[in-house]
There are 4 protein chains.
Amino acid sequence: MGFSRARTNEQKQKRIEEVMCATARLYDTVPYEEITFAAIAKEAGFARSNLYIYFTSKEEILLEILVSDLSSWYQNVEASFHVRRSYALEEVMEVWTDALIKNERNLSLLSILFTVLEKNVTVEALTKFKEGLLTVQQKCYQLLQGLFPTASDDALQQFLVSAFALAQGLYPMTRLSEVQLEAIENCTLGYVPPTFRDSYLKACIQLAQGLFVK
Amino acid sequence: MGFSRARTNEQKQKRIEEVMCATARLYDTVPYEEITFAAIAKEAGFARSNLYIYFTSKEEILLEILVSDLSSWYQNVEASFHVRRSYALEEVMEVWTDALIKNERNLSLLSILFTVLEKNVTVEALTKFKEGLLTVQQKCYQLLQGLFPTASDDALQQFLVSAFALAQGLYPMTRLSEVQLEAIENCTLGYVPPTFRDSYLKACIQLAQGLFVK
Amino acid sequence: MGFSRARTNEQKQKRIEEVMCATARLYDTVPYEEITFAAIAKEAGFARSNLYIYFTSKEEILLEILVSDLSSWYQNVEASFHVRRSYALEEVMEVWTDALIKNERNLSLLSILFTVLEKNVTVEALTKFKEGLLTVQQKCYQLLQGLFPTASDDALQQFLVSAFALAQGLYPMTRLSEVQLEAIENCTLGYVPPTFRDSYLKACIQLAQGLFVK
Amino acid sequence: MGFSRARTNEQKQKRIEEVMCATARLYDTVPYEEITFAAIAKEAGFARSNLYIYFTSKEEILLEILVSDLSSWYQNVEASFHVRRSYALEEVMEVWTDALIKNERNLSLLSILFTVLEKNVTVEALTKFKEGLLTVQQKCYQLLQGLFPTASDDALQQFLVSAFALAQGLYPMTRLSEVQLEAIENCTLGYVPPTFRDSYLKACIQLAQGLFVK
DNA sequence: GATGAATGAGTTTTCATTCAT
DNA sequence: CATGAATGAAAACTCATTCAT
């Protein structure tokens with residue numbers, strides 16, 4: 001009962017997804033350090049040692065989740081532009097931003113991508129991830145190229161890098177834990193944490209101006 | 001007795017600095033997870049249990065180091081502008097950027113500030129840190145106000161947030177480990193990692209344009 | 001049906017030999033503890049669980065290998081004496097020793113036979129092995145009897161036991177790992193590890209003197 | 001209650017001895033693979049993690065035990081010869097053999113010294129052990145030199161190596177487990193396991209003849 | 001105040017073995 | 001017969017933390 005063996009490739013794929021789901025659920029509920037193979041196994045409902053068949057570290061799993069999140073984010077963005085007409089810069093940036101906000105886990109994972117996830121992973125796993133990441137990045141590039149045909153290649157690249165870096169840096173400033181909020185309240189100097197949508201949108205519009213400079 | 005207490009406090013302060021130095025040294029040489037109370041104690045040359053008198057977690061120590069790094073960064077920036085004359089936006093941004101680059105540990109710590117450091121620390125320690133952080137931030141604000149007197153408060157705040165977020169997000173994209181570099185090389189799609197100075201400077205100049213919009 | 005069973009038995013025998021070969025290859029290349037059912041299965045190229053049909057522990061496999069090694073060693077020795085003439089004691093011992101040296105794995109397995117292999121094996125497997133071992137031993141006895149017709153039964157038995165025990169004890173003293181060699185070098189007291197051929201030959205000649213005592 | 005902290009060096013030494021005793025007790029009662037840090041800790045009555053302060057592997061502990069056993073064996077042998085007179089070869093060998101038999105654990109550890117213990121140990125630990133081993137070996141050498149003044153250096157060395165190798169190889173042939181005994185009984189060919197004292201003594205006397213050859 | 005021995009909890013990892021297919 | 005996913009158990013090891021001195 002309860003547990004059928006993963007025999008065919010599809011079943012195996014299903015197992016992998018079960019692990020990813022369990023990990024994602026954990027990621028949404030407990031702090032990062034509490035995500036261990038033990039916790040994932042418990043959440044997924046199978047033996048810890050069984051996980052080793054599919055993954056070799058939690059970072060590997062999280063990278064897999066991130067690729068999937070990024071892909072669906074991109075599809076979201078792309079879908080918003082299928083109509084054949086030209087868009088104002090502000091419109092484009094709003095779509096871009098709102099698609100990001102739609103999947104918070106995506107933003108959250110991006111925030112620790114280079115500092116945590118990529119630092120604790122084998123070359124093989126990272127190569128696989130990068131392949132996926134660069135694919136999305138390239139699609140973004142082509143999409144922007146279509147939307148802003150007058151922009152130079154360099155400017156587009158520069159925008160992409162800045163827009164991602166900004167998202168990665170800004171997001172954790174705007175999603176604060178209880179402890180962080182309390183600490184801010186305790187401060188004598190006033191501080192109002194930024195809102196992601198507002199700050200990111202404004203900054204992106206500003207950065208996007210660079211696309212139209214000769 | 002008053003004298004004795006002062007002497008004790010001095011000694012205490014000296015101890016604290018020794019711990020910070022040792023931790024900073026470790027941070028510069030070993031990966032983050034390898035910084036443990038055991039390692040710090042060994043590096044500082046005294047008993048592990050002794051550390052508990054001064055700090056309760058490694059994050060607390062790193063926050064302390066970060067405040068100090070940020071302060072000296074700000075002093076660097078400020079010192080560059082003591083002359084009484086007006087500066088071009090590009091000039092200001094270059095100084096700002098180059099001062100950041102001067103202390104890489106500062107950038108590195110900022111990159112994990114909100115995602116790692118602030119998440120594993122007591123309210124008390126975080127409050128103390130935030131107090132220091134906000135002080136520096138306010139000084140930055142005032143400095144920029146002096147340099148760009150026509151900019152609105154909101155625009156200045158928005159710039160500050162974006163500029164910091166960008167630094168935090170961009171830096172780890174540009175300082176890659178061996179594994180990261182190897183993974184990139186393995187990829188079929190080409191990818192050239194951005195340079196911090198170049199990308200950051202360009203983006204900041206772009207962001208700073210927002211200071212002059214009505 | 002009888003044919004089919006025969007065919008099955010042949011296949012089974014082939015499988016067994018594949019396992020033995022794979023294990024022997026492993027034994028020659030990796031340290032003992034790294035020889036696991038997982039490693040053997042991988043080396044042999046079939047499923048781990050499949051091994052359980054043929055063997056129940058790695059020691060069982062190694063015992064099988066050892067019997068085979070011992071047999072071929074004995075054949076080697078015997079073949080050297082097929083000529084109808086009498087041999088000097090020294091000559092006999094040289095042949096005996098050189099045949100041993102020819103198959104190092106044999107010596108290596110003998111060195112752990114009583115201490116490791118026989119301690120981790122079922123009675124059934126051990127019985128089967130002992131049967132093979134005693135057969136070889138008896139042939140040795142008869143060969144020596146032929147070569148030294150004046151020697152008493154007791155003396156021959158005593159010689160055989162000593163000669164084997166000596167080989168088992170001496171061999172590991174002469175095949176040292178990197179770590180062992182380094183440790184020896186580090187010692188303040190000088191130590192030159194013995195050479196197997198030289199030490200064994202001399203000792204055997206000495207032991208064989210006992211064959212001619214009344 | 002029950003457990004005072006090891007503060008002074010003597011107390012620390014006492015702890016080390018407690019660990020060694022516990023390990024020795026285990027060695028006498030359970031098969032080798034069952035001697036783990038967990039088992040030793042349980043036997044010694046302290047926390048497993050505490051063991052890591054004193055030792056880093058069970059082999060290290062067993063080597064320590066072996067040095068101690070060897071030393072007491074040597075003292076035993078030496079003490080038997082304090083009288084100022086000359087001894088017959090047979091007498092010497094009897095003393096030598098009986099001293100060996102007195103400490104069975106010594107013989108048992110020697111039997112796995114080169115094949116098991118020395119293979120799973122750090123260079124540092126092994127160096128320390130070898131230092132001790134060579135010291136005993138040298139004393140043996142000098143003792144034999146005194147007893148057999150006409151023997152050449154080479155012959156003495158050769159004898160020592162052979163005598164030790166023989167002990168190491170012979171002992172496990174004579175101390176058989178239940179399983180081993182049962183397997184022998186099951187065999188169609190008869191086999192009577194040798195007795196250590198008898199076989200070793202005879203072989204040693206034979207080997208010692210080599211001391212008087214020019 | 002400083003020390004370092006001692007602890008307990010926890011994680012990672014691997015193995016032999018089973019069992020459904 | 002053969003497979004390989006799944007399991008449970010256990011080993012090695014490390015860390016933060018406490019506590020007697």
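A note on names: the letters A, B, ... follow the listed sequences, proteins ahead of strands, and every chain is numbered from 1. None of these values were measured; they are calculated from a predicted model.
Rounded to whole angstrom, the span from the CG atom of A:Leu51 across to the P atom of E:dT13 amounts to 12 Å. In this structure, A:Asn120 places its CG atom 11 Å from P of E:dT12, rounding to the nearest Å. Taking atom CD of residue B:Gln13 and atom P of nucleotide E:dG1, one finds them 15 Å apart after rounding to whole Å. At whole-Å resolution of the value, NZ in C:Lys58 and P in E:dT17 are 12 Å apart. Residue A:Phe46 contributes atom CZ, which lies 13 Å from atom P of F:dG8 at whole-angstrom precision. Computed from coordinates, the D:Glu34 CD to F:dA11 P distance equals 9 Å when rounded to whole Å. Distance D:Ile53 CD1 to E:dT3 C1': 13 Å, rounded to the nearest Å. Going from atom NZ of A:Lys42 over to atom P of F:dA6 covers 21 Å, rounded to whole Å.
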*Can you give the dot-bracket line for DNA chain E, where a pair is Watson-Crick or G-U wobble with both atom distances under 3.5 Å, crossing pairs use [ ], and | marks a partner on another strand?*
.||||||||||||||||||||

*asked:* What verdict does the side-chain hydrogen bond (donor to acceptor under 3.5 Å, both in side chains) test give for B:Lys130 and A:Gln180, after you've listed the backbone C-alpha separation in whole Å, the side-chain angles of each residue and the deciding distance to 0.1 Å?
replied: CA-CA 9 Å; B:Lys130 283 282 177 189; A:Gln180 287 174 304; over 6 Å; no

_Please determine whether ring pair (Phe, Tyr, Trp, His ring centres under 6.0 Å) holds for the pair C:Phe37 and C:Phe55, giving the CA-CA distance in whole Å, both sets of side-chain angles, and the decisive distance to 0.1 Å._
CA-CA 10 Å; C:Phe37 263 41; C:Phe55 295 100; 8.0 Å; no

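Within 4.0 Å (heavy atoms only), B:Tyr52 reaches at least one base atom of the nucleic acid.
Put simply, D:Arg15 has a side-chain N or O that comes within less than 4.0 Å of OP1 or OP2 on E:dA6. In terms of phosphate contacts, D:Asn50 brings no side-chain nitrogen or oxygen within less than 4.0 Å of OP1 or OP2 of E:dA5.
Nearest nucleotide to the D:Tyr54 side chain, out of E:dT18, E:dA2, E:dA6: E:dA6. You'll find that the side chain of B:Arg48 is closest to F:dA16, out of F:dA6, F:dA16, E:dG1. Here the nucleotide nearest the side chain of D:Thr36, chosen from F:dA12, E:dT3, E:dA16, is F:dA12.
Note: D:Tyr27 and D:Tyr32 have perpendicular aromatic rings, judged against thresholds of 30 and 60 degrees for the angle between ring planes.
Between B:Ala38 and D:Ser57, it is D:Ser57 whose nearest contact on DNA chain F lies nearer the 5' terminus. Where C:Gly45 and B:Ser49 each meet DNA chain F at their nearest nucleotide, the meeting point lying more 5' is that of C:Gly45. Residue B:Ala47 is the one, among A:Glu33 and B:Ala47, whose nearest nucleotide of DNA chain E lies closer to the 5' end (criterion: closest heavy atom).
Panel note: side chain C:Glu17, backbone C:Lys14; no donor-acceptor pair is recorded below 3.5 Å.
Using a 4.5 Å heavy-atom cutoff, the side chains of B:Arg25 and B:Cys21 are in contact. Taking 4.5 Å as the limit, some side-chain heavy atom of B:Arg105 sits within range of a side-chain heavy atom of B:Leu109.
Atom CD of C:Glu33 sits in a crowded spot, with more than 12 heavy atoms from other residues, nucleotides or ligands closer than 6.0 Å.
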